[in-house]
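Presented below is the structure to which this report refers.
Each ligand, and each atom within it, is numbered from 1 in the order the structure gives.
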Amino acid sequence: MTLSRRRVVLGVSGGIACYKVCTVARRLTEMGAAVDVILTSAAREFVGPTTFEALTHRPVLTSLWDRDAALAHIQLDRAADLIVVAPATANLIARAAGGIADDLLTALLLAKTAPVLIAPAMNDKMFAHDATQANLATLERRGWAVVGPDIGPLAEGDSDEPGRMSEPDVVVAAVERALRAKDSRLAGRKVLVTGGPTRESLDPVRVVTNRSSGRMGRDLAAAAYARGADVTLILGPSNITPPIGVRVVRIESTAELQSAVEEHLGAADLLVMAAAPADYGPVQYSPDKRPRANGPYDVSMTPTADVLLATRDRRKPGSVTVGFALETNDGNQRARQKLKAKDLDLIVLNLANEEGAGFETDTNKVTIISRTTEEAVPLLPKREVAEKVLDAAERLL
Ligand code: CTP
């Protein structure tokens, strides 16, 4: 419930993307926000107020002339943390830029004090038109934030020009970020997250790796983006969908992880090493695939570089460094040793043999340890664990 106590006015103007905005209304409500929907008369041709009332559990406003709505455009704005317009049609954008206030939504946009985020959606030619571009530039100059539009199929068919409204999860991520950045010390800061396993090649087809899925790293990166950070995720071989809004650098081996970390480290205000590097790699790489007929395969392995340890003297002054420790026994003591040895501000301990924790699950159960504190976090979805880790890191920034 990362948006509890937040109030959003969701203005919906009349485009086919209205059906996708039902998902936006639903997700924001699930995240704890109170969502007040305003429909323009054109939007009502696509989706009725009952749909949004059922999704948001709140009354939906459609007109300046509704009973008890005489001051709705003022009251809703004053209570709102953010006004979102999705879809924002070419017509709505033109009316807003021109200061026209001929319905409830445009009256609110003229009287508003809250920040605004819009998700344009229209035919690609309408979007490219000088009039629309000039109107959008006007709104951006006034400080309005814009998400999308994207390139993709439009109502009338395929297109390779922008016009299609950003997908609901992209709009929701932008809304969450706009709401939460105000309260976060990570807003505007550079965050470097590593995630996933690495793999070391024995020959052109065989690798040594581990069971890490990359989910903890992905969720940490997503949570940092939601707080307004500029996030880079260095991600090992993993088939997770990369998080929205995050720069992703793909790597394979521990050596590649090390050079990617070195490249981004100097600018990072927060480093979170959630990656599970392959700790061992073969002493020798064979350029040819070894045939099975050769019988037993004895591989000599050597430890890979400790990437986190190597960052010790190269971190940005004042930055915060968080490591992970995955242990099977003596977890607490071993995690504390790593905290000291790698000169970390925090270490997140998880136990590999605990049900629902560690690799290949959507949940995790961790203890967040600093030199002086220890916080036991119960079994939670990894995204919520990520929020707890960032809360602890923010306190140290
Ligand atoms: N780590 C690293 N480079 C490695 C191995 C680990 O940077 N080659 C980082 C991990 O990303 C994690 C922390 O170090 O943040 C601790 O990882 P862990 O595997 O628990 O510890 P190791 O130092 O590898 O020690 P061991 O495997 O012996 O327990």
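Shown here is Lys112, whose NZ atom has more than 12 heavy atoms of other residues, nucleotides or ligands within 6.0 Å.
Taking NZ of Lys338 as the reference point, atom CD1 of Ile369 lies at 11.0 Å (rounded to 0.5 Å).
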Contacts under 3.5 angstrom, residues 191-198 side chains, donor-acceptor by atom type, not counting sequence neighbours:
residue: Thr194; atom: OG1; partner: Ala274; partner atom: N; Å: 3.3
residue: Thr194; atom: OG1; partner: Ala275; partner atom: N; Å: 3.1
residue: Thr198; atom: OG1; partner: Thr254; partner atom: OG1; Å: 2.8
residue: Thr198; atom: OG1; partner: Ala278; partner atom: N; Å: 2.6

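At a heavy-atom cutoff of 4.0 Å, ligand 1 is surrounded by Met273, Ala275, Pro277, Asp279, Thr304, Ala305, Asp306, Val307, Leu308, Gly323, Phe324, Ala325, Leu326, Arg334, Lys338, Lys342.
Val171 places none of its side-chain heavy atoms less than 4.5 Å from the side chain of Glu167. Side chains of Glu252 and Ser201 form a contact here, defined as non-hydrogen atoms less than 4.5 Å apart.
A donor and an acceptor atom, one from each side chain of Thr367 and Glu374, are nowhere located under 3.5 Å apart.
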